[in-house]
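Below is one structure, written out as structure tokens; comments come after it.
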2 protein chains.
Amino acid sequence: MPARAPRRPRRATHSREQIVETAIAVLDREGAAGLTLRGLAAELGGGLGSVYWYVEGKRELMELCCDVLFGRAVDLGVGDAEFSSPPMDVDLDGLPEAVQHGAVGVRRLAMALFGELMAHPWLAAQSQLVGAGRVEGMRFWDALGRQLAVMGLSPQQQFIGSTAVIGYVMGVSAEMMSQDAHADPGTSKEEQLRTFADSWQGPEYEGLDWLRSIGEEFAAHDDTEQFAGGLDLLVTGLVHRAV
Amino acid sequence: MPARAPRRPRRATHSREQIVETAIAVLDREGAAGLTLRGLAAELGGGLGSVYWYVEGKRELMELCCDVLFGRAVDLGVGDAEFSSPPMDVDLDGLPEAVQHGAVGVRRLAMALFGELMAHPWLAAQSQLVGAGRVEGMRFWDALGRQLAVMGLSPQQQFIGSTAVIGYVMGVSAEMMSQDAHADPGTSKEEQLRTFADSWQGPEYEGLDWLRSIGEEFAAHDDTEQFAGGLDLLVTGLVHRAV
DNA sequence: ACCTGAACACCGTTCAAGT
DNA sequence: ACCTGAACACCGTTCAAGT
């Protein structure tokens, strides 16, 4: 064997944005438990420690990942791009135009955020990071609050309403995404729903007659319609306060 | 020094209930990050491995802890014990009695769950475990669904409404509890709120005029009133669907 | 049947040393 | 200024060995 010069390690060069984007890709592929700083460094082609030059630690990295996606939700939710969502089930007939506009704006922002949460199933469970004061998250809150102000709600109702909508979006999404995570992979969505619904007929749920009665509704439901339906309950409440 | 017989380790004796109760105590005291199986075993006076005789692993242990507290929320929410909650801000005048009863029942259950989430600040962030099919969690869902059935809502609206309420409760609570966790300890609640509100005037939030306008509302708010206010938006929506 | 603790295979974080 | 990787102080989980 000919002698070899010892491999000099190549120095990889990073940026904060690149690290965050790569982390999001890993999270999308492997889930929250699948992101490790070692794995991330390997994916970036560099050493473990260099990540720490750009982020304070794993927690800040997660916050930055979440914030980027909140930013995309605002951009989509305040823009005039078309994106599909179920028809709104709120009676706006005869209401002042400002109330109608505000209600539509609230719904649009919430649906845009829901879209990001569906596209990145690990994200909804990170709601603990919402209050971290990251700028894109705050931009989302600001955009939502503006719509409630447009509706003519009092400052107190703007505050309560905006936090209620964000809480609803994050909470319902976390519910839905965790259900997907619990299901074993390889089965279709329909089979998963059916398996859940059938399990509720088991003896451990004896006496929970309502639960048993709702199985068919669950087996036939669509996540986006379910989300939009609950959102419209909130929007109905907001409209009711505005007039 | 007199010779000593080697210490024979005492065999500790456990039960599943004792392990879960102790884990809840540790979680309350140290938070979710503070619960380790080694620490738990030490607290129980036994060895690390024995915990595995009773629970499959840390994940199941967390699920069991959450489920116990959901159980307490149902018991309180369906019983007739008095517990304080802000006055309901939903107009029920002239509505059928069944609708009124159902609406009150929904609110009662949601407030009872919120109480548990406030008493155990680590709990709200575990919403990923809600869909795990644990029996007390399912009992809570069943109790809530019954109230929506009482209101006369369609099965679809029962499904959408019940998941919306649970999602709202978990999501808003996770928001609130994480805010407390981010604040540095040693300062009063009022000071914490003031610090947050003031930080929104900083240059990184330039252009977020609504955010800046809402600071005073935030600084003066009360968590329970905020929660109840948002909940009543949802209940208003439900009542609107029922008539 | 139930308990023990060493051993294993990981983690996140730090930091002296490099370029 | 930015990168490297060994070292440290933990984790959860497994399992052969005990009682």
Side-chain angles (χ1 to χ4, degrees), chain A residues 4-27 29-66 122 125-126 128-129 132 181-182, chain B residues 4-27 29-66 122 125-126 128-129 132 181-182:
Chain A
R4 274 231 214 181
R7 269 266 182 84
R8 285 244 252 86
R10 274 245 201 80
R11 277 168 66 95
T13 174
H14 299 142
S15 73
R16 202 174 156 108
E17 286 73 32
Q18 183 205 5
I19 288 175
V20 171
E21 289 303 328
T22 307
I24 291 174
V26 173
L27 287 163
R29 207 177 56 225
E30 322 244 17
L35 178 70
T36 68
L37 296 187
R38 279 164 225 270
L40 180 64
E43 194 115 350
L44 288 162
L48 165 60
S50 77
V51 176
Y52 282 88
W53 184 260
Y54 295 95
V55 299
E56 282 178 11
K58 195 181 183 183
R59 165 156 194 133
E60 193 194 36
L61 177 59
M62 287 299 292
E63 288 183 9
L64 293 171
C65 290
C66 294
W122 51 273
Q126 312 303 317
Q128 351 141 12
L129 306 176
H182 282 290
Chain B
R4 274 230 215 182
R7 268 266 182 86
R8 284 244 251 87
R10 273 244 204 80
R11 276 167 67 93
T13 175
H14 299 142
S15 73
R16 203 175 155 107
E17 286 72 32
Q18 183 205 5
I19 288 174
V20 171
E21 288 304 330
T22 308
I24 290 175
V26 173
L27 287 163
R29 206 177 58 223
E30 321 243 18
L35 178 69
T36 69
L37 296 187
R38 279 164 225 269
L40 180 63
E43 194 115 350
L44 288 161
L48 165 60
S50 77
V51 176
Y52 282 88
W53 183 261
Y54 295 95
V55 299
E56 282 179 12
K58 194 181 184 183
R59 164 155 195 134
E60 194 195 35
L61 177 60
M62 287 299 292
E63 288 182 9
L64 293 170
C65 290
C66 294
W122 51 273
Q126 312 303 317
Q128 351 142 10
L129 306 177
H182 282 290

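In what follows, every chain begins at residue 1, and chains take the letters A, B, ... in the order their sequences are listed.
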Heavy-atom closest pair, residues [X] and [Y]:
X     : Y     : answer
B/A32 : B/L27 : CA-CD2, 3.7 Å
A/G34 : A/V26 : O-CG1, 4.0 Å
A/C65 : A/A23 : SG-CB, 3.6 Å

ask   = Heavy-atom contacts under 4.0 Å between residues 37-44 of chain B and DNA chain D, which residues?
value =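 Residues of residues 37-44 of chain B under 4.0 Å from DNA chain D: B/L37, B/R38.
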task = Sequence neighbours left out, what pairs pass side-chain hydrogen bond (donor to acceptor under 3.5 Å, both in side chains) with at least one residue falling in residues 35-44 of chain A?
result =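 Residue pairs passing side-chain hydrogen bond (donor to acceptor under 3.5 Å, both in side chains), neighbours aside: A/R29-A/E43.
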request  = Let me have DNA chain C in dot-bracket notation, would you? Count Watson-Crick plus G-U wobble pairs, both distances under 3.5 Å, and use [ ] for pairs crossing earlier ones and | for inter-strand partners.
outcome  = ||.|||||...|||||.||
query = Contact class for B/G49 (heavy atom, under 4.0 Å): base, sugar-phosphate, or nothing?
reply =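 If one applies the 4.0 Å heavy-atom cut-off, B/G49 turns out to touch a base.
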ask   = Under 4.0 angstrom, heavy atoms only, what part of the nucleic acid is B/Y52 near: base, sugar-phosphate, or nothing?
value =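 Result for B/Y52 = base.
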Residue pairs passing the salt bridge (Lys or Arg N to Asp or Glu O under 4.0 Å) test where at least one lies in residues 52-61 of chain B, sequence neighbours excluded =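 Applying salt bridge (Lys or Arg N to Asp or Glu O under 4.0 Å) to every pair that reaches into residues 52-61 of chain B, excluding sequence neighbours, yields B/R16-B/E60, B/R59-B/E63, B/E60-B/R134.
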How many Å lie between [atom1] on [X] and [atom2] on [N], as a whole number?
X     : N      : atom1 : atom2 : answer
A/Y54 : C/dT13 : OH    : C1'   : 18 Å
B/M62 : D/dT13 : CE    : P     : 12 Å
A/K58 : D/dC10 : NZ    : C1'   : 14 Å
A/I19 : D/dC2  : CD1   : C1'   : 11 Å

inquiry  = Treating B/Y54 as the side-chain partner and B/H14 as the backbone partner, does any N or O pair qualify as donor plus acceptor under 3.5 Å?
reply    =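 At least one qualifying donor-acceptor pair exists.
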task = Could you please name the option among C/dC11, D/dC3, D/dA6 that lies closest to any side-chain atom of A/L48?
result =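 Selected nucleotide (nearest to the side chain): D/dA6.
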B/S50 side chain, from C-beta outward: closest of D/dG12, C/dC3, D/dA6 =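 Looking only at side-chain atoms, B/S50 lies closest to C/dC3.
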Pairwise 5' ranking along DNA chain C for A/E56 and B/H14, keeping only the more 5' one =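 The 5'-side residue here is B/H14.
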Any residue meeting side chain to side chain donor-acceptor pair (under 3.5 Å) with B/T22, in chain and number order, not counting sequence neighbours =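 Result, side chain to side chain donor-acceptor pair (under 3.5 Å) vs B/T22: none returned.
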task = Drop me the distance from B/L64's CG to B/C66's SG, to the nearest 0.5 angstrom.
result =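 That separation rounds to 9.0 Å.
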task = Ignoring backbone atoms, test whether B/W53 places a side-chain nitrogen or oxygen under 4.0 Å from the OP1 or OP2 oxygen of C/dC3.
result =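 Checking C/dC3 against B/W53, no side-chain N or O comes under 4.0 Å of OP1 or OP2.
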ask   = A/Q128: what forms a side-chain contact (heavy atoms from CB on, under 4.5 Å) with it, not counting sequence neighbours?
value =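 Once residues adjacent in sequence are excluded, the partners of A/Q128 under the side-chain contact (heavy atoms from CB on, under 4.5 Å) criterion are A/Q126, B/A125, B/S178.
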